[in-house]
Structure formats: structure tokens, C-alpha cells
Enquirer: 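Dropping the structure in here first, questions after.
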Amino acid sequence: MKDLIKQYLDQGISRRSLISGLSAAGVSAVAAKAMAQSLAPFASPAKAAEAQGAMRPVTGRGGDLYVQQLKSAGVEYVFFNPSTGDAPIFDAMVDEPSIHLIKGVQEGAVTAMADGYARLSGKPGVVIVANVGLPNAMTQMVNTFKDRIPMLVTVAAFGQEQLGEEGPQDYDFQEYSLSPITKWRWTALTAAGIPETTRRALKFATTPPCGPVFIAIPDNELRTEATAMIMDQSLFTVSMKIRPDQDDIKKAARMLIEARNPLLTVGDEITLCNGEKEVMELAELLGLPVAGQAEFGTWSKPFPTRSSLYLGPMLRNMQYPGSIDVHLNIGSRYAEVATKGAKLISMRQDPTSLARVTPVDLAMVADVKLGTADLVAAIKSMAPVDRLRRIAADRKERTAAYTRQVGALRQGIAKSLHNGSPIHLERLAFELESELEKDTIFVTDCDSGKSMDPLMSFGGDDKTYISTGPNILGWGVAAGFGAKLARPDQPVVTILGDGSMMFGGPQPLWSMSRYQAPVTVIVFNNKSYNNERNRIWTFSGGEQFKLGRDMTCYNGNPDVDFAKAAVAFGVEGETVSDPDKIKGALARAKRANIDGRPYLLDVDIQRDGIGAGSTYYPEYSIADQRTRKV
Amino acid sequence: MRTPILSACALAATLVASLPAAAQQQQTPPLPTGEGRDVVAQACTLCHALNTVLQLRQGADGWRSIVDYMVLHGAQLTRPQADQAVEYLATNFGPGVNVPQPRTQVTLPDGTGKDLVAVNCVICHGLDRIAAARRTPSDWQSVLARMQFLGAPVSNNDKNTIAAYLDANFGAK
Ligand SMILES: Cc1ncc(C[n+]2csc(CCOP(=O)(O)OP(=O)(O)O)c2C)c(N)n1
Ligand SMILES: [Mg+2]
């Protein structure tokens, strides 16, 4: 009977067939009619959709059904690394020109490629990896999860008939290991259920707050033939473009108009909602000084950093603008902090994270683009233009005076470090700022490298900045590849430390080479986990600091030649040690990119901070332990 | 409530996660009076406590490189304030000022260069730092170059003598 109803709903068998079928199954005529009546509203849209081609029954193996459902979701790229069990999926792609296969040679790289693609395309990254390689993917999935990026990760799981037998590669309850870093995880138990599971997974992944989802498909089900309804993903798309409560908006508008010394903090949800323009308009309207998130925890620059209203990272007690009375936070998880003497208004896309830690006086859940537009409209409707102009003018001037002097101070610092070999990061920042095109996508997987950010400009009509909030390294080169895939018509430069490069950098070079991704990769090579040492020494003040013995962070010996490593992967590269040669090297990289080729610069960078001079590490030689020279 | 590590500042999330609880509860010790104290007390305690920082002794160049780096990290200082902070730190936490006690006393072996080390290498920290690890010649070279930058009053000539001495007595095999 269940099947019959499902057929009626899914495939649209006629009402008459449903009733006669139900009667045959022993349901009274009256009851059968009543059931048909109550099911009608659910059946008819399905029918209509089918008529429009939004739904179609497909018969095939589980692998075919999966691929057809991806196709109905408009998936263009599948990032993968194969295993034996997932072969039916790739069989199904042999004649499926609408989906391109993008291979990565390690699962972390595959995931970060999909993540970079998702961040810049706004579409979910679709990943297929071997179940045994899943733990490799998980490290990078943490970045995806924490930054609320949509992603579907699929593995071919062990066949159900083999589960629990302790096969050589089998480990039980794999999906549960994904619990802390996915929005949802599921096993598709039957071949016929694969499209439905896939749809549901994509729905969860792409409904804000977005995130990675995981599905396991037992390999026997991928091979099993079944018939199922393939439906357009759009029929399962839930718009979260919700506006905040309008009474709250009025309250917020009033507070902001009357504020004596307000502060606006901005975060990644603005980027996710494409609300940059609206937030800029709001800041301009009231002359609000704007603080961003600090170096960790944030992955985008939602406010033009070159704007005279932009202060830099938010601090607990900001010298400028001094003691604030109203703090409006839009879209930032970490800048949502209560300040003594100030009312906190926080507008957030993610309700689970809003008011999670800090008390909030006025908490609003909204698509922050729409919410900010509402706030702008409310403010305009509540105060005459010239009053608003008066409010804004004086604040704007003071803030501009402050940001001008900070900018000059920073540039002065950079100038003082202009020469010097190994090269100072500040010099590299200077050269990048002067050489990169304004439409460059700047992908950064950096630790100490983040001190370059305030010397460069991002956001608005300047360079696009993407990074990861959690700073889980090994993401950058792969994400740069994904960025270029999503935006082939923009220059992409990806920059990362030597440590980060070794976490996951070389493998994506393989994909760059194979798929001709014209990306410039810059490794700033200080032969050290430089910032890690700075933090370990300064913040813990332990034995390593007291004795000046760096037990963990020096990476030299061997001194890795990344340019040479790149060549092994088919990517041209060069080493840059002379600060005056950065410009020329960037020009060669650009030339190669224009010609359709990736290029890598291995830049010899000074260590800085505490213990910068040390090249010590605890030595050990295995060769010396031998009693036989074998 | 004063927390040594700023929870507003997103980097704190990482720091908090990676620091032992004891380090998170650190409080900056009272700072000696003097011009620039308030600047340091205000601008330098927003992201981390200064406990360890104040164990350092170095000259103006060393302190300037730190203060400059913090400005790039987001510390809010004007140029005059940054200068004041450097001046204050170099005066109150400069070479020879209340040098923190070494953890262990180290007796330097005899040899050419011993006196140079005994005089020049104790004004910012103890000799225990020197004896803590056997280093290769190139490591001693880079450490000494750094010490000069931080304010060790040694000429390049002296540096070579010291390097030879350190290599002979504290060199890796
Ligand atoms: C996957 C991963 N493992 C370990 C860490 C811890 N960690 C943070 S920074 C860092 C070193 C980074 O070195 P590098 O990329 O060379 O940056 P630098 O500080 O030298 O600029 C490490 C190991 C991390 N963030 N991610
Ligand atoms: Mg490094």
C-alpha cells in the first residue's frame, strides 16, 4: 500500500488507479476515496512538475541514479579521488558531458579544491572520495564546516552484506565520525533511495547556515538496478532570504540615529549574503566607523579595507573610537561581544551562533543583506536627510583622520623593512599591492603571512580576499585551484607559508598542471612554523622560551626547494631571494598565467618575532643508530 | 572582568584553544611607572597578557620590531604612541635592567672569547640560554646576528671570536 501511495505521489499514477489499487489492498471504497482526496494536494504539484520536466522516472544502477540527481541539481563539477567501490558512479559519467570530473590526488586536496570553488561560485562543492580516504578529507572539512560553506561529500561504503565482518578496510560506523563536522550525514540504504538521499543532503548543505553534508552509499546499492524519481533540486530549495522583524529594525534604527559614539563590526555572513553594498551604504549613511574580525576566525573581507571608515580588527577596548555606546554587529561570530556601557545589536544569518556566548540587547536573525537594506530604509524614514548628514559628517571626518594616520604608520613600518634579504613579508606585501590587478582573487592560507593583510587593500572594487576562519592549513593551493575554476576570468594568486605548503600544497599542483589552471602560487618560505613559535614562546612562556630552545618549529634542514618541487608536478617555478627581483618574478608569473599556465614563486622570507634567529632543532639520526650499514 | 586574551578578537579563538588554561588566566604584572606606561598598559594588553613579554630584555631596535609587528597585527597606536612605547620598553625592559634570574648558573669554560661572552651575554638573560643547546656553527652565527640586532653591544670582530668560542664549547658535535 505504501508503494502505491508513493507511486501516486512520485510518479503520478492516476487517482483512479490509486483508488482501485487501495481497494484491492483491502481498503474500503470510502476510505480509499478519502485517502486519495487528502493526498491530492501533494500529488498534483508533482504531476505538474513532471509535465515541465522537473521530475522524471529513471531506471538504472544506483550510480546512474546518483549522477542523474546531481545533474538535476545543476552540478557542473565533481571533485574526486576514486576507489573500487564507487566505479558505478564514474561509469554513469562516461556519457554525461554536463558534469566535469576534476581529479585531486589526495583527499584533503580534493576537499579544499571543492571548498575554494564553493566559496567563489556560491554553489555546493561536490566531492567523491574513497571511504578509506575520508579521514584525509576530514581535516579540510573542518574549514568548510566552520565557515558555513556548502559541500556534499559522498563515499561508496562497504556493501551491506559485508558490514561488521571486519574486512581489511572496513571500519564500523564511519558516518558517525563525521558528526562534529557535518550538518547532516546519512547512509542511502537502497538503490531506489539514492536520489532522495542526495536531494536531501544537498538541501541541507545549501540551506543557510550552509555546511558540509555526508552520504555513504553502500557499493552493492551503487551496482543495484532500480527505478526512482529524479527531481529538480529547485523543488527542494528553501529560501532563507528572510527579513528581520520590522519592529526590531525600527528599534535598531532609533538606537543608531541617537547613538553618541557607535561602532559597526562586520563579518563573513555579509560575504555569504552578498550584502557588501548595503553594509557600505549603512556605514556611509551614519558615518559609522567599521571594525572587522581579527586575523583568525574570518575568511573574507566584507568591507573595503581601503575605506576611510575601516579601522582594522575589532579589539576589546578600542582606542579609537573610544568608549562606544551602541555596537552594531552585522554577520560576525567573533565580533559579537558585549562592551561595558554599550548596547549590542547583532544581526546574524546563523541563529545557532547568535547570542550564543555574549549577552545581546537586540538580536535579529536575517539575511543580512536584506536586513541591512531594511535598516538603511528605516533610518532614512525616521530622520530627515540633513540631520543624517550632520550626524555622519563629523564622525566621518574624525574616523578618516584616524585611519589616515594608521595607514601612514603602517606604510612607514613597511618602508623601514623595504630592503633586506631574506625578504621581509612587509616588502612582499608592498610589491603584491602594487603589482596585482584590482580584480585579483587573493587566496591566503597563512599564519605570519596575515601581517601582510593590513598593508594591502581588499573588498569593494578592490581585490577579493578568501582564506579560512579556522586556519587549518594545507588548504591554499587547492582552494586557489577551486577559485580559478569558479572564476576563470579573474586572476588568482594563492599565497601560503612553507609549513602550510607542506601540509597539502604540492598535491594540488598536480591538478593545476593537468587542468591548466593559470594560478600564481606564492610560497613565503621562512623555513619555519614562524608564528607558531612566536605564540608558543610568548603566550605559554614555558621551558622553550626560558631556555631559548625551539623544540618544534624550525623547518630548515632540509631546506625545501619548492620551485623544484613544482617542476616535478609540471608547474614552472622560481626562487626569489632579492627583494628587488620580486616585481620581475611577479611579471613572469603573470605572463605564464596569461598563457594559461600555473606558476610558483618560492620567496625566501625572514623569520620574525621571538627566537627569529634560531635554527636549532632537536637532532636525531637513524643512520647513526645502525649497527650494520644497511 | 579582565581576561588576558581578548574574546572579541577572533584570533583569540585560536589562541584560547591552543593555550593551556593556566596561560589564559595570566594577568599582566604591574608595570613600572614612567612615560609611556599607560600606552603600553592600554594598547598592549588587549590580545595577550604581557607576562612573558616582560621577561624579555632588549634594546630599542628589538622593541621597535615587536611594536611595529603588533601594529600590523592590529594594535592601535599612533606614531608618537608607538615611539613612546618603544622608549618605555627599552628603558624599563632594556639590557641590564632587572635581568631575570637565570634558572641555572653556568660556569663558562676557559678559552679565547670567554670574557666577551661573560660580559656581553648576561645583560639580557642568563648564560643558561647559551648552554641550553649545542648548536651548529651556522646556528651560532644566526643567533649572534640576532643578538646584535636586539642590542648586544658586540662588534663584528668580537662576534667572530664569540662564535668560535661558542662553537668550541657549545657546538653540536
Ligand atoms: C592542519 C594543521 N595542522 C597544524 C596546525 C597548527 N599550526 C598552526 S600555524 C602552523 C605553522 C605554519 O607554518 P607556515 O605555514 O610556514 O607559517 P609561518 O608562521 O611560518 O608564516 C601550524 C603547524 C594547523 N593550523 N593546521
Ligand atoms: Mg613558515
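So that the names make sense, note that chain A is the first sequence line, chain B the second, and so on, each numbered from 1. Computed from heavy atoms alone, side chains included, the values below leave out hydrogens, waters and symmetry copies.
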Enquirer: For A:Lys527, I'd like to know if atom NZ has over 12 heavy atoms of other residues, nucleotides or ligands within 6.0 Å.
Expert: yes
Enquirer: Do NZ/NE/NH1/NH2 and the carboxylate oxygens of B:Arg103 and A:Glu543 come within less than 4.0 Å?
Expert: yes
Enquirer: Side-chain contact, heavy-atom cut-off 4.5 Å: B:Thr52 with A:Phe545?
Expert: yes
Enquirer: Just verifying a value: how many Å separate A:Tyr616 OH and B:Arg135 CZ, rounded to the nearest 0.5 Å?
Expert: 7.5 Å
Enquirer: How long is the gap from OG on A:Ser614 to CH2 on B:Trp140, to the nearest 0.5 Å?
Expert: 9.5 Å
Enquirer: To the nearest 0.5 Å, how far apart are CD1 in B:Ile66 and OG1 in A:Thr538?
Expert: 7.5 Å
Enquirer: Is A:Ser451 reaching over with its side chain to a backbone N or O of B:Leu72, donor-acceptor style, under 3.5 angstrom?
Expert: no
Enquirer: Which atoms of B:Arg134 are under 4.5 Å from chain A, going by heavy atoms: the side chain, the backbone, both sets, or neither?
Expert: backbone
Enquirer: In terms of heavy-atom proximity below 4.5 Å to chain B, should A:Leu425 be classed as side chain, backbone, both, or neither?
Expert: neither
Enquirer: Need one label for A:Tyr402: side chain, backbone, both or neither, based on atoms under 4.5 Å from any heavy atom in chain B.
Expert: side chain
Enquirer: What residues of residues 119-132 of chain B sit under 4.5 Å from chain A when only non-hydrogen atoms are counted?
Expert: B:Asp128, B:Arg129, B:Ala132
Enquirer: Of the backbone (N, CA, C, O) and the side chain (C-beta and beyond), which part of B:Ala133 lies under 4.5 Å from a heavy atom of chain A, both, or neither?
Expert: both
Enquirer: When you look at CG of A:Asp559, are more than 12 heavy atoms from neighbouring residues, nucleotides or ligands closer to it than 6.0 Å?
Expert: yes
Enquirer: At what distance, to the nearest 0.5 angstrom, does CE of B:Met70 lie from CD1 of A:Ile413?
Expert: 10.5 Å
Enquirer: Is any side-chain heavy atom of B:Thr78 less than 4.5 Å from a side-chain heavy atom of A:Leu409?
Expert: no
Enquirer: Would you indicate whether B:Asn160, at its atom CG, is surrounded by more than 12 heavy atoms from other residues, nucleotides or ligands within a distance under 6.0 Å?
Expert: yes
Enquirer: Stepwise, does the side-chain contact (heavy atoms from CB on, under 4.5 Å) test hold for B:Thr136 with A:Glu619?
Expert: CA-CA 11 Å; B:Thr136 60; A:Glu619 284 188 28; 4.2 Å; yes
Enquirer: Of the listed residues (B:Val71, B:Leu56, B:Asp139), which shares the most heavy-atom pairs with chain A below a 4.5 Å separation?
Expert: B:Asp139
Enquirer: Of all of A:Pro618, A:Ala612, A:Gly548, which one pairs up most often with chain B through heavy atoms under 4.5 Å apart?
Expert: A:Ala612
Enquirer: Calculate, to the nearest 0.5 Å, the distance between atoms CG and CD belonging to B:Asp68 and A:Glu426 respectively.
Expert: 8.5 Å
Enquirer: Does some side-chain heavy atom of B:Gln81 sit less than 4.5 Å from a side-chain heavy atom of A:Gln319?
Expert: yes
Enquirer: Please flag which part of A:Asn534 lies under 4.5 Å from any non-hydrogen atom of chain B: side chain, backbone, both or neither.
Expert: side chain
Enquirer: Rounded to the nearest 0.5 Å, what separates atom CG in A:Asn317 from atom CG in B:Leu46?
Expert: 6.0 Å
Enquirer: Given the rule in the side-chain contact (heavy atoms from CB on, under 4.5 Å) test, do A:Phe539 and B:Cys47 qualify, once you have shown the distances and angles that lead to the verdict?
Expert: CA-CA 10 Å; A:Phe539 298 139; B:Cys47 305; over 6 Å; no
Enquirer: Measuring heavy-atom distances to chain B, does A:Met318 have an atom under 4.5 Å in its side chain, in its backbone, in both, or in neither?
Expert: both
Enquirer: What are the two closest non-hydrogen atoms of A:Leu315 and B:Gln76, and how far apart are they?
Expert: CD1-CG, 4.1 Å
Enquirer: Quick check on B:Glu87: does its CD atom have over 12 non-hydrogen neighbours (other residues, nucleotides or ligands) under 6.0 Å away?
Expert: no
Enquirer: Tell me, yes or no, whether the heavy-atom count around A:Lys546 atom NZ, taken from other residues, nucleotides or ligands under 6.0 Å, exceeds 12.
Expert: yes
Enquirer: Between A:Gln405 and B:Leu77, which heavy-atom pair has the shortest distance, and what is it?
Expert: NE2-O, 4.1 Å
Enquirer: Using non-hydrogen atoms only, which part of B:Gln42 is less than 4.5 Å away from chain A: side chain, backbone, both, or neither?
Expert: side chain
Enquirer: Under 4.5 Å heavy-atom distance to chain A, tell me which part of B:Thr104 shows up: side chain, backbone, both or neither.
Expert: neither
Enquirer: Between B:Arg79 (side chain) and A:Gly412 (backbone), is there a donor-acceptor pair under 3.5 Å?
Expert: no
Enquirer: At a 4.5 Å cut-off on heavy atoms, which part of B:Ser65 comes close to chain A: side chain, backbone, both, or neither?
Expert: neither
Enquirer: Crowded around A:Gln625 CD? As in, over 12 foreign heavy atoms under 6.0 Å?
Expert: yes
Enquirer: Do you know which two heavy atoms are closest between A:Pro313 and B:Gly74, and how far apart they sit?
Expert: CG-CA, 3.7 Å
Enquirer: A:Thr358 versus chain B, heavy atoms under 4.5 Å apart: side chain, backbone, both or neither?
Expert: neither
